[in-house]
Amino acid sequence: MTTDLETAGPGTGRDHAGAASGGLRLVETVTGPATPAEVRDAVTEVLAAHSPVTAWHTADAPDGLSRAMGIRIAGHRVHLALEPAAPARHRTLDPVVPEPGLWRTSVLSDAPAGAALPAPVRQIVAAVRERADRLTREEVAAVWSSMPLLRHFADRGPEIGDWALVFRDHYVENSVGFLLAAERAGIPAEWIYALAKGDRTAGRHRVHAWFRARGNRSAVLDNSVIDGTAPGQEVAAAQVVAADVDRFIAAAHRAGRRVLVIDDGGLLARAQGPARLVSEPVDAVVELTVSGLKRIGAGAHPCVPVFNIARSQLKSLLSYEEIADSCLRRLRELVPGQKFIGRRVVAVGFGTLGSRLARRLRSLGCRVTVVDQDTLALIQAAEQGFETEPTLAAALRRCTPFLVTGSTGEPLLGIEELALLPDGVLLAGFATKDFSLLSTGGAGDGAETLTGVGVRYRLPDGGRATLLGDGRSLNLFDYEGIPNGGYDAYRAGTLIAVRELCRRADTLAPGVHVDEVDEAVRTAGLFEAYYDTYIADTAPGRAGAAPQATAATAAGAARP
């Protein structure tokens, strides 16, 4: 999984069978804001590690716009041709004005068609792509400007500069904002290790490239490894990354720093055991998800304090509305040809997220049947006017849905349920395990990829079922997920909790704490600032409201 961030990116076109030119063939085309000077810098860094480099030249084309670079390295010829590219739709959630200028870089090589590219050529392509993928300073400034609460609380509270941070979460824009805020709180960039969860978020390669340019470490540590749904090569890749995280933690301790883990899924905070990937002890943990808390609880009692954001008022009362909104928006975007109004939906799970999804689907006009193993959840659903069933199998025997949604984080499909699925049904999972029987190949052969939509599977009776997305959280499939402003309070509250945990790490008892999170967030005045910033009908800047960013402060925060 580590190579996902290192070898591919949005805006990158491939033509490995490209036309030959002077004995050269096109091996890669990369489009992004990397200027000719930045491309030259990227290539120079690669060349410094190789010998001999027997040729190196650049030239301007007659039009004065295009550029060309030629290299002979380790016996191979490489040619780079650069030309301005027309801007596509904006590359960040909020458009940047003026839009960054784009360049298209075509890389040609004399490597034979059909053969693996020589290592120096691969390295040049990767270096150019990473420069092209980076968020620009102006784009990061736009992210920072879009999160006024995070900016406000980044400058309020005790310094935590004697800590190192391992941050594992989705690679989306608001994560960029959060790590900028962590730096403002005192943690040096070189003592931040960012880890992606493995989801196909739309901007993951750009976020990865930005983190590396900033001086952070960046890699992937996939949830599927601990779920037991990853193939062997992904497990091996995760073990390599985990070993590097261990080295980072050990180096931080040698440097006199304590180590804080912020985790979305409990992969790093598990108690010791054979399933544990990262073995070096850390000093404090912030857990962001319920599934992570379950993983922590399934092991031995934690030996460090763990702040429970997942069950906090911050996430339960504010964040899940935004998450549910993003789930439904992504679902409808993936199937724009589908009629929703009046049609039957089975919604499995009536918890914090599932209940909100069920209500939103009903507000669209869907007839929703709720499934949950918790009797109290079924009572609540029934008393809110939903039809209910205790099992998915019972619901499928009773009705014929066009859509089944899952939000439990537990496998929903077995052989019995698979046989009951109606022909043409859509399956939308908002947690990784929901439809894992299909996504891990447990249902057998017969899969057909629907590019940009999902995978269609053959059912036992000859019908078809379409698993939308990639079997992971659907709201993160080729998507940014939640608007930056929608996660502003959540990220600001997490930073408040981080500061409180670091301040009290020596005195808190080992184990999971939630009351301390709620108290820290309330005492800091986050809810009042949230109300004043986003809810109150007053002009920005009233007393208590988070300040608006100026262009200068935003650009300063974004400066690598």
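Positions are given from 1, in the same order as the sequence printed here.
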Novice: For the backbone of Ser279 and the side chain of Asp246, can you confirm whether one donor and one acceptor N or O come within less than 3.5 Å of each other?
Specialist: yes
Novice: Taking only residues two or more places apart in sequence or in another chain, which ones pass salt bridge (Lys or Arg N to Asp or Glu O under 4.0 Å) with Glu333?
Specialist: Arg330
Novice: Check this for me, if you would: do Asp222 and Arg472 make a salt bridge, where the nitrogen-to-carboxylate-oxygen distance has to be below 4.0 angstrom?
Specialist: yes
Novice: Does any N or O in the side chain of Arg491 come within less than 3.5 Å of the main-chain N or O of Gly177, such that one atom is a donor and the other an acceptor?
Specialist: no
Novice: Hey, are the side chains of Pro158 and Glu500 touching, using non-hydrogen atoms and a 4.5 Å cut-off?
Specialist: no
Novice: Do the non-hydrogen side-chain atoms of Tyr193 and Asp244 ever get within less than 4.5 Å of each other?
Specialist: yes
Novice: Is Glu417 reaching over with its side chain to a backbone N or O of Gly414, donor-acceptor style, under 3.5 angstrom?
Specialist: yes
Novice: Compare every heavy atom of Leu508 with every heavy atom of Pro305, then report the nearest pair and how far apart it is.
Specialist: CB-CB, 3.9 Å
Novice: Using modelled atom types and a 3.5 Å cut-off, is there a donor and acceptor pairing between side-chain atoms of Arg503 and backbone atoms of Gly157?
Specialist: no
Novice: If we ignore hydrogens and angles and just use 3.5 Å, is the side chain of Thr466 paired with the main-chain N or O of Leu468 as donor and acceptor?
Specialist: no
Novice: Between the main-chain N or O of Asn484 and the side-chain N or O of Asn174, is there a donor-acceptor pair closer than 3.5 Å?
Specialist: no
Novice: Hey, is Glu38 close enough to Arg134 for a salt bridge, meaning N to O under 4.0 Å?
Specialist: no
Novice: For the pair Arg356 (side chain) and Thr352 (backbone), establish whether a donor and an acceptor sit closer than 3.5 Å, ignoring hydrogens and angles.
Specialist: yes
Novice: Does the side chain of Val455 come within less than 4.5 Å of Leu438's, by heavy atoms?
Specialist: no
Novice: For Asp470, give me all partners under side-chain hydrogen bond (donor to acceptor under 3.5 Å, both in side chains), at least two apart in sequence or on another chain.
Specialist: none
Novice: For the CZ atom on Arg311, are there more than 12 heavy atoms of other groups (residues, nucleotides or ligands in this structure) within a distance under 6.0 Å?
Specialist: no
Novice: Just wondering, do Ile496 and Leu314 contact through their side chains at under 4.5 Å, heavy atoms?
Specialist: no
Novice: Could you tell me which non-hydrogen atom of Pro188 sits nearest to which non-hydrogen atom of Arg257, and how far apart they are?
Specialist: CG-NH2, 3.6 Å
Novice: Just verifying a value: how many Å separate Met147 CE and Leu149 CG, rounded to the nearest 0.5 Å?
Specialist: 8.5 Å
Novice: Once you round to the nearest 0.5 Å, how far does NE2 of His205 lie from CG of Asp133?
Specialist: 7.0 Å
Novice: Can a donor-acceptor pair be found between the side chains of Ser407 and Asp434 at a distance below 3.5 Å?
Specialist: no
Novice: Taking only residues two or more places apart in sequence, or in another chain, which ones meet Asp488 in a side-chain hydrogen bond (donor to acceptor under 3.5 Å, both in side chains)?
Specialist: Tyr534
Novice: After noting the C-alpha distance and the side-chain angles of Ile262 and Ile309, does the key distance pass the side-chain contact (heavy atoms from CB on, under 4.5 Å) rule?
Specialist: CA-CA 10 Å; Ile262 301 176; Ile309 297 288; over 6 Å; no
Novice: With the side chain counted from C-beta on, respond yes when Leu288 and Tyr490 share a heavy-atom pair under 4.5 Å apart, and no when they do not.
Specialist: yes
Novice: Ignoring hydrogens, what is the shortest heavy-atom contact between Leu93 and Glu173? Give both atom names and the distance.
Specialist: N-OE2, 2.8 Å
Novice: OH of Tyr320 to CG of Asp325: how many Å apart, nearest 0.5 Å?
Specialist: 15.5 Å
Novice: Checking Thr92 against Arg206 for the side-chain contact (heavy atoms from CB on, under 4.5 Å) test, could you report, in this order, the C-alpha distance in whole Å, the side-chain angles of both residues, the deciding distance, and whether it holds?
Specialist: CA-CA 10 Å; Thr92 48; Arg206 306 203 67 214; 4.2 Å; yes
Novice: Fit a plane to each ring of Tyr171 and Phe211, take the angle between them on a 0 to 90° scale, and name the class: parallel (under 30°), tilted (30 to 60°) or perpendicular (over 60°).
Specialist: perpendicular
Novice: Check this for me: does any side-chain nitrogen of one of Asp199 and Arg204 sit under 4.0 Å from a carboxylate oxygen of the other?
Specialist: no
Novice: Can you tell me how the ring of Phe167 sits relative to the ring of Phe178, calling it parallel under 30°, perpendicular over 60° and tilted otherwise?
Specialist: parallel
Novice: Going by the rule side chain to side chain contact (heavy atoms under 4.5 Å, CB included), which residues pair with Ala310 if we only count those two or more places apart in sequence or in a different chain?
Specialist: Val290, Leu293, Asn308
Novice: To the nearest 0.5 angstrom, please state how far the OG atom of Ser146 sits from the OH atom of Tyr487.
Specialist: 14.5 Å
Novice: Are Arg214 and Leu180 side-chain neighbours, meaning at least one heavy-atom pair lies under 4.5 Å?
Specialist: yes
Novice: Is a salt bridge present between Arg200 and Asp478, judged by a nitrogen-to-oxygen distance below 4.0 Å?
Specialist: yes
Novice: Measure the spacing between CD of Glu287 and NE2 of His513 and express it to the nearest 0.5 Å.
Specialist: 14.0 Å
Novice: Please determine whether side-chain contact (heavy atoms from CB on, under 4.5 Å) holds for the pair Leu195 and Asp263, giving the CA-CA distance in whole Å, both sets of side-chain angles, and the decisive distance to 0.1 Å.
Specialist: CA-CA 9 Å; Leu195 294 164; Asp263 201 358; over 6 Å; no
Novice: Minimum heavy-atom separation for Ala154 and Leu495, please, with both atom names.
Specialist: CA-CD2, 3.6 Å
Novice: Indicate whether the side chain of Glu321 and that of Ser319 have a donor and an acceptor atom separated by less than 3.5 Å.
Specialist: no
Novice: Output all residues satisfying side chain to side chain contact (heavy atoms under 4.5 Å, CB included) with Gln373, sequence neighbours left out; order by chain, then residue number.
Specialist: none
Novice: How far does CD of Glu190 sit from CZ of Arg217, to the nearest 0.5 angstrom?
Specialist: 10.0 Å
Novice: Do Arg258 and Asp506 come within less than 4.5 Å of each other through their side chains, counting heavy atoms only?
Specialist: yes
Novice: With sequence neighbours excluded, tell me which residues meet side-chain hydrogen bond (donor to acceptor under 3.5 Å, both in side chains) with Arg522.
Specialist: Gln313, Glu519
Novice: What's the shortest heavy-atom distance between Val371 and Thr391, and which atoms?
Specialist: CG1-C, 3.5 Å
Novice: Do you know which two heavy atoms are closest between Glu183 and Asn216, and how far apart they sit?
Specialist: OE2-ND2, 4.2 Å
Novice: Report the C-alpha separation of Glu139 and Trp210 in whole Å, then their side-chain angles, then the decisive distance to 0.1 Å, and conclude whether the side-chain contact (heavy atoms from CB on, under 4.5 Å) test is met.
Specialist: CA-CA 11 Å; Glu139 288 170 335; Trp210 164 258; over 6 Å; no
Novice: Looking at side-chain heavy atoms only, is the closest gap between Arg184 and Asp155 below 4.5 Å?
Specialist: yes
Novice: Does Phe350 offer a backbone N or O that forms a donor-acceptor pair with the side chain of Asp372 under 3.5 Å?
Specialist: yes
